[in-house]
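A short worksheet on the structure shown next.
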Amino acid sequence: MKLLIQNAKYIASNGEMKQSDILIENGIISKLAPSLTESAERTVDAQGLLVSPGFVDLHVHLREPGGEKKETIATGTMAAARGGFTTVAAMPNTRPVPDTKEQMDWVMDRIKETASVRVLPYASITTRQLGQELTDFAALKEAGAFAFTDDGVGVQSADMMLQAMQKAKEVNMAIVAHCEENTLIHKGCVHDGTFSKQHGLNGIPSICESVQISRDVLLAEASGCHYHVCHISTKESVRTVRDAKRAGIKVTAEVTPHHLLLSENDIPGLDANFKMNPPLRGEDDKKALIEGLLDGTIDFIATDHAPHTAEDKAEGMQLAPFGIVGLETAFPLLYTHFVLKNIITLDQLIAYMTTKPADCFELPFGRIEEGAAADIVLLDLNEEKEINPDEFLSKGKNTPFAGWKCKGWPVLTIASGQIVWEKGRVTA
């Protein structure tokens with residue numbers, strides 16, 4: 001498809017604001033020039049909008065296979081498109097787990113058949129994510145694995161994690177870790193803090209996360225592997241990653257919008273839409289996360305999009321599954337509560353959601369330049385509306401942000417040169 005975007009105002013990869021027309025051919029940005037008169041199948045006037053590289057989210061749960069009541073690759077990628085994301089990395093906690101070449105082949109075929117945006121599938125570190133036997137890293141990489149993680153389950157054995165890092169180093173792949181020391185969970189469902197004590201709930205202590213990160217950065221140093229920390233949530237974890245980076249260890253980290261925006265003080269009661277793992281921590285933790293993002297300790301933002309059914313979440317704070325959705329609300333929330341409040345700049349936010357995740361994993365995405373993949377989102381920074389879960393394209397409606405009024409909404413998303421979502425109608 002040949003597309004022409006006119007009057008495109010965009011932030012270049014160097015942070016400079018530019019304006020030009022953009023010609024898209026065969027899935028590639030073929031020309032950038034002040035004025036293009038090329039004929040195209042579709043011309044889009046971007047006057048009054050911000051044109052951004054498509055967002056890159058390296059932590060999402062698409063639930064397929066096995067959890068199709070909660071989400072599918074089709075519905076999850078349409079939610080991604082609506083939120084402006086054109087590349088997502090899908091976690092492996094499905095049933096069955098993508099722990100063999102055959103299962104990864106199935107996932108890759110399903111992505112080709114049903115995905116609206118680019119999906120990079122993770123493979124598991126261990127068979128069935130049980131932490132007992134390493135998967136065949138080389139075979140899984142050949143089959144299309146993006147990186148290796150047992151996300152949702154911390155690898156409990158230090159020896160198993162070291163072996164995994166050594167294998168990952170051999171095939172030049174990253175180990176991506178959900179960090180949780182099982183002996184410190186204590187059947188917790190929220191942060192071990194004020195809220196848990198007020199409501200008589202078992203709490204998950206901060207050290208449950210940070211102690212495993214501390215172990216792993218030393219193992220990463222020993223192995224030379226790229227080690228990435230999922231959804232960092234505590235001040236101790238931030239300090240550990242900062243110290244590891246200063247020591248020259250190849251460690252990167254991500255933070256979610258909800259951990260930047262909320263703390264345990266914001267939980268209104270026993271509402272399971274505020275239950276996620278890691279849990280919402282203390283105000284001092286939230287402050288440390290923001291500081292860590294600004295000083296480069298934390299590399300980028302990822303949503304940890306985790307859809308669940310209304311029935312599952314209705315089981316209450318103790319019994320309901322962990323997780324909230326995030327793909328369709330991430331940019332408006334962060335633009336409204338960080339850019340408009342002068343905590344970060346617009347170009348910083350765009351970078352945290354495009355170039356920085358791409359660069360951390362050496363991906364050729366997240367840029368508007370000639371020859372780049374035509375992954376683009378048009379944003380209306382002036383449109384203001386409330387977050388309404390009934391409008392979500394995700395099957396999951398489980399968000400703590402329902403009713404929040406935000407500015408900065410996507411109006412059109414182009415992935416690999418194709419319009420995959422447009423405000424007011426679904427085009428894919």
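Computed from a prediction, not measured in an experiment: that's the story for all the values here.
The side-chain tip of Arg118 points at the ring of Phe365 from less than 6.0 angstrom away and within 45° of straight on.
Checked options Leu49, Val44, Asp45; the residue passing with Gln47 is Asp45 (criterion: side-chain contact (heavy atoms from CB on, under 4.5 Å)). When each of Val56, Leu58, Leu293 is paired with Ile301, the side-chain contact (heavy atoms from CB on, under 4.5 Å) condition holds for Leu293 and for no other. Residue Glu64 forms a salt bridge (charged side-chain N to carboxylate O under 4.0 Å, His left out) with just one option from Lys70, Lys395, Arg110, and that option is Arg110.
Neither side chain, Arg281 nor Thr234, offers a donor N or O lying under 3.5 Å from an acceptor on the other. Counting only N and O atoms by type, the side chains of Glu254 and His231 include no donor and acceptor under 3.5 Å apart. Side-chain atoms of Ser124 and Gln129 form no donor-acceptor pair, as typed in the model, at a separation below 3.5 Å. Residues Asp99 and Thr135 have side chains that never bring a donor and an acceptor to within less than 3.5 angstrom of each other. Side chains of Glu71 and Ser394: a donor-acceptor N/O pair is present below 3.5 angstrom, by distance only. Checking Ser210 against Glu236 by side-chain atom types alone, no donor-acceptor pair falls below 3.5 Å. If you check the side chains of Thr240 and Asp243, you find no donor sitting under 3.5 Å from an acceptor.
Looking only at side-chain heavy atoms (C-beta outward), Tyr335 and Leu379 stay at 4.5 Å or farther from each other. Counting only heavy atoms from C-beta outward, the side chains of Leu381 and Phe331 approach each other to under 4.5 Å. The closest side-chain heavy-atom distance from Thr345 to Val339 is not below 4.5 Å. No side-chain heavy atom of Leu334 sits under 4.5 Å from any side-chain heavy atom of Tyr352. Side-chain atoms of Arg242 and Val251, non-hydrogen and from C-beta on, never get closer than 4.5 Å to each other. For the pair Ile73 and Leu62, the minimum side-chain heavy-atom distance is below 4.5 Å. At a threshold of 4.5 Å between non-hydrogen side-chain atoms, the residues Trp404 and Pro332 do not count as touching. You'll find the side chain of Ile414 stays beyond 4.5 Å of the side chain of Asp375, heavy atoms only.
Dense packing is recorded around NZ of Lys245, with more than 12 heavy atoms of other residues, nucleotides or ligands lying under 6.0 Å away. Around atom NZ of Lys31, no more than 12 heavy atoms belonging to other residues, nucleotides or ligands sit under 6.0 Å away. Remark: Lys356 NZ is loosely packed, at most 12 non-hydrogen atoms of other residues, nucleotides or ligands lying under 6.0 Å away. Annotation for Glu362: atom CD does not count as buried by contact number, only 12 or fewer foreign heavy atoms lying within 6.0 Å. No more than 12 heavy atoms of other residues, nucleotides or ligands sit less than 6.0 Å from atom CD of Glu142. Within a 6.0 Å radius of NZ in Lys385, other residues, nucleotides and ligands contribute more than 12 heavy atoms. Surrounding CG of Asn172 are at most 12 heavy atoms belonging to other residues, nucleotides or ligands under 6.0 Å away.
Of the inter-residue distances, the one linking Cys189 atom SG with Met276 atom CE reads 12.0 Å to the nearest 0.5 angstrom. Glu264 CD to Ile267 CD1: the interatomic distance, rounded to the nearest 0.5 Å, is 6.5 Å. To the nearest 0.5 Å, the span separating CG on Leu3 from CD1 on Ile29 amounts to 11.0 Å. Distance check, rounded to the nearest 0.5 Å: CG of Leu280 to CD1 of Ile324 gives 7.5 Å. Distance check: Asp284 CG to Ser263 OG gives 9.0 Å after rounding to the nearest 0.5 Å.
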Return a table of donor-acceptor pairs under 3.5 angstrom between the side chains of residues 145-153 and protein atoms on other chains or two or more places apart.
residue : atom : partner : partner atom : Å
Thr149  : OG1  : Asp151  : N            : 3.0
Thr149  : OG1  : Val176  : O            : 2.5
Asp150  : OD1  : Ile125  : N            : 2.8
Asp150  : OD1  : Thr126  : N            : 3.1
Asp150  : OD2  : Thr126  : OG1          : 2.6
Asp151  : OD2  : His59   : NE2          : 3.3
Asp151  : OD2  : His61   : NE2          : 3.3

Donor-acceptor contacts, no H, no angles, side chain residues 405-412, under 3.5 Å, sequence neighbours left out:
residue : atom : partner : partner atom : Å
Trp409  : NE1  : Cys406  : O            : 2.9

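Scanning both residues, Val88 and Ala80, for their nearest heavy atoms gives CG1-CB, 4.0 Å. Looking at every heavy atom in both residues, Cys208 comes nearest to Ile185 through SG-CG1, 3.8 Å. The shortest heavy-atom contact between Gly144 and Met108 is O-SD, 4.1 Å. The two residues Gln6 and Asp21 make their nearest non-hydrogen contact at CA-OD1, 3.3 Å. For Val377 against Phe55, the heavy-atom pair with the smallest separation is CG1-CZ, 4.0 Å. The heavy-atom pair separating His226 from Cys360 by the smallest distance is CE1-O, 3.3 Å.
Applying the side chain to side chain contact (heavy atoms under 4.5 Å, CB included) test to Lys313 and every residue at least two apart in sequence or in another chain returns Ala272, Asn273, Lys275, His308, Ala320, Asn398. A search for side chain to side chain contact (heavy atoms under 4.5 Å, CB included) contacts involving Pro65 returns Glu68, Thr94, Pro96, Gln103, Trp106, not counting sequence neighbours. The side-chain hydrogen bond (donor to acceptor under 3.5 Å, both in side chains) check on Thr256 picks up His258, His259, with sequence neighbours excluded. Applying the salt bridge (Lys or Arg N to Asp or Glu O under 4.0 Å) rule to Asp216 yields no partners; only residues at least two apart in sequence or on another chain are considered.
Between Lys286 and Glu291 there is no salt bridge, since none of the side-chain N atoms of the basic residue sits less than 4.0 Å from a carboxylate O of the acidic one. Between Glu391 and Arg82 there is a salt bridge, since a side-chain N of the basic residue sits under 4.0 Å from a carboxylate O of the acidic one. In this structure, Glu422 pairs ionically with Arg42, as a charged nitrogen and a carboxylate oxygen lie closer than 4.0 Å.
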Take Thr75 and Thr72 through the test side chain to side chain donor-acceptor pair (under 3.5 Å) and record every step on the way to the result. CA-CA 5 Å; Thr75 60; Thr72 64; 3.1 Å; yes
Does the salt bridge (charged side-chain N to carboxylate O under 4.0 Å, His left out) test come out yes or no for Lys2 and Glu41, once each step is laid out? CA-CA 5 Å; Lys2 195 171 182 180; Glu41 296 172 53; over 6 Å; no
What's the verdict on side-chain contact (heavy atoms from CB on, under 4.5 Å) for Thr413 and Ile419, showing C-alpha distance, side-chain angles and the deciding distance? CA-CA 6 Å; Thr413 303; Ile419 296 175; over 6 Å; no
Are Arg367 and Asp359 close enough, and set up right, to give a salt bridge (charged side-chain N to carboxylate O under 4.0 Å, His left out), and what steps lead you there? CA-CA 11 Å; Arg367 287 172 169 78; Asp359 290 350; 3.1 Å; yes
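Between Phe195 and His199, the angle of the ring planes lies from 30° to 60°, which puts this pair in the tilted group.
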